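Scroll down for the structure; my scribbles are underneath it.
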Amino acid sequence: MHPKVGSLLSKFPRVELVRWETPIQYLPRVSRKLGVDVYVKRDDLTGFGIGGNKVRKLEFLLGDAVAKGCDTVITTGAVHSNHAFVTALAAKSLGLDAVLVLYGKEQLKGNYLLDKLMGIETRVYDVERTSELWPIAQKVAEELRNAGKKPYLIPAGGASPVGTLGYVRAAGEIYSQIRQLGVEFDSVVDAVGSGGTLAGLLLGSTIIDAPWQVVGIDVGGFVEGLNERVKNLALEAAELMGLSVDVPEPKIYDYGFGAYGKIVREVAELIRFVGTSEGIILDPVYTGKAFYGLMELAEKGELGESVLFIHTGGFPGVFHYGEEMLETI
Ligand SMILES: Cc1ncc(COP(=O)(O)O)c(CNC2(C(=O)O)CC2)c1O
């Protein structure tokens with residue numbers, strides 16, 4: 001861990017959910033195809049509830065909830081939400097209750113199947129996008145307070161200054177790993193939904209004065225005003241840490257293929273290519289689109305000679321959208 005990051009974060013309550021450093025793995029076949037060295041940080045293996053990148057944010061979010069004596073966690077997302085499922089699972093593992101405020105078609109697949117299998121309370125609403133769920137979640141919190149509960153509200157994706165600390169810490173972890181590996185990166189690339197992961201990487205990379213550029217791949221406009229949102233999240237997290245830093249403008253490229261959650265042939269084919277050539281499974285909503293963007297940008301020379309992809313997980317999405325993906329290829 002980078003000493004400055006470690007000491008800055010030590011004052012924040014954190015529950016340990018990521019029990020190891022996730023490996024950084026070289027992808028020989030992808031690298032040969034691109035003529036660029038591509039590595040992947042296996043944050044799909046953070047190890048709690050196949051929750052991928054969300055687990056890092058939840059260490060601080062649930063640490064805060066426990067420190068405040070809260071007894072019920074509420075969060076929002078689509079019915080296929082990786083974040084919603086692992087938030088509720090982690091809350092339950094800490095003895096807290098959880099209520100998921102969701103939208104979308106209820107199908108017993110992927111994360112929604114896991115929600116039900118784990119006996120998680122879900123409330124599904126007829127809205128078009130996650131952002132419309134926030135006022136509903138606030139009403140649920142009020143209902144719980146009136147029932148004598150002490151709810152802790154977590155925004156979609158855990159995209160808050162506290163949640164952002166999770167990827168500040170990840171940047172510090174990457175720093176110590178590259179010294180052991182003897183590698184350098186020109187770019188670090190991550191899928192962007194609610195923006196918290198990118199914001200944390202941006203702030204963490206600024207704190208450690210990292211040589212790499214941080215690049216986000218927007219997977220379909222999960223939120224509006226993404227650049228400003230990411231920058232503000234990073235600055236608010238810096239303020240929370242007691243830092244005054246100048247965070248660079250986020251570099252975000254749109255590879256949403258027209259809409260968040262839209263399943264497309266190009267991504268299904270890429271998932272097959274990366275799976276059969278490197279044994280790594282990407283998902284059709286987030287990491288498949290992000291890796292598609294990485295490969296196209298790398299071929300254009302936008303990412304330099306050595307690139308680190310943050311594999312943020314999303315595995316349940318393969319089982320939510322598997323049939324739809326197969327129809328495209
Ligand atoms: C596998 C995977 N990879 C990357 C991301 C994007 O992370 P951010 O939300 O921090 O930008 C998600 C998000 N998922 C959301 C969810 O509800 O699951 C927040 C949208 C993700 O699940």
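None of the values given here were measured: they were computed from a predicted structure. All ligand and atom numbering here is 1-based and tracks the order in the structure.
A salt bridge links Glu269 to Arg265: at least one charged side-chain nitrogen sits closer than 4.0 Å to a carboxylate oxygen. The residues Arg129 and Glu132 are annotated as not salt-bridged, no charged nitrogen and carboxylate oxygen being separated by less than 4.0 angstrom. Note on Lys149 versus Glu142: no salt bridge recorded, every NZ/NE/NH1/NH2 to OD/OE distance being 4.0 Å or above. One finds a salt bridge joining Glu121 and Arg123 here, because a Lys/Arg side-chain nitrogen approaches an Asp/Glu carboxylate oxygen to under 4.0 Å.
A side-chain donor from one of Ser205 and Trp212 sits under 3.5 Å from a side-chain acceptor of the other. Side chain to side chain, Arg56 and Thr22 meet the donor-acceptor criterion of an N or O pair below 3.5 Å. Between the side chains of His83 and Thr75, at least one donor N or O sits under 3.5 Å from an acceptor N or O. With hydrogens and angles left out, the side-chain atoms of Tyr103 and Asp126 include no donor and acceptor closer than 3.5 Å. Checking Gln25 against Lys41 by side-chain atom types alone, no donor-acceptor pair falls below 3.5 Å.
At the shortest separation from atom 4 (C) of ligand 1 among protein heavy atoms lies Thr312 OG1, 3.2 Å. Looking only at heavy atoms of the protein, atom 6 (C) of ligand 1 is closest to Gly193 N, 3.3 Å. Closest to atom 17 (O) of ligand 1 among all protein heavy atoms lies Ser81 OG, 2.6 Å. In this structure, atom 9 (O) of ligand 1 lies nearest to the protein heavy atom Ser194 OG, 2.5 Å. Shortest contact from atom 7 (O) of ligand 1 to any protein heavy atom: Asn53 ND2, 3.2 Å. When only non-hydrogen protein atoms are considered, atom 20 (C) of ligand 1 lies nearest to Tyr286 OH, 3.2 Å.
When only interatomic distances are considered, the shortest N/O to N/O separation between Asn82 and ligand 1 falls below 3.5 Å. Checked against a 3.5 angstrom limit, the closest N/O atoms of Asp190 and ligand 1 fall outside it. Remark: ligand 1 and Asp283 share no N or O pair separated by less than 3.5 Å (distance only, no angle test). At under 3.5 Å, not a single nitrogen or oxygen of Thr287, backbone or side chain, sits near a nitrogen or oxygen of ligand 1.
Judged by the shortest distance from any of its heavy atoms, Gly195 lies inside the 4.0 Å radius around the atoms of ligand 1. Under a 4.0 Å heavy-atom criterion, Lys54 is in contact with ligand 1. Put simply, no part of Leu198 is less than 4.0 Å from ligand 1, judged by heavy atoms. In this structure, Gly157 is part of the shell of residues with a heavy atom less than 4.0 angstrom from ligand 1.
Near Gly196, meaning under 4.0 Å from any of its heavy atoms, are these atoms of ligand 1: 10 (O), 11 (O). Within the listing of ligand 1, atoms 1 (C) sit less than 4.0 angstrom from a heavy atom of Gly313. Taking a cut-off of under 4.0 Å to the non-hydrogen atoms of Val192, the atoms of ligand 1 that pass are 11 (O). Near Thr197, the atoms of ligand 1 lying under 4.0 angstrom from a non-hydrogen atom of the residue are 7 (O), 8 (P), 10 (O). Contact atoms of ligand 1 toward Lys57: 8 (P), 9 (O), 10 (O) (distance under 4.0 Å to a heavy atom of the residue). Set against the non-hydrogen atoms of Gly314, the atoms of ligand 1 under 4.0 Å away are 1 (C).
Other residues, nucleotides and ligands place more than 12 heavy atoms under 6.0 Å from the CD atom of Glu143.
Using cut-offs of 30° and 60° for the angle between ring planes, the His320 and His80 rings count as perpendicular. Using the six-membered ring where Trp is involved, Phe12 and Phe60 have ring planes that are perpendicular, over 60° apart on the 30 and 60° scheme.
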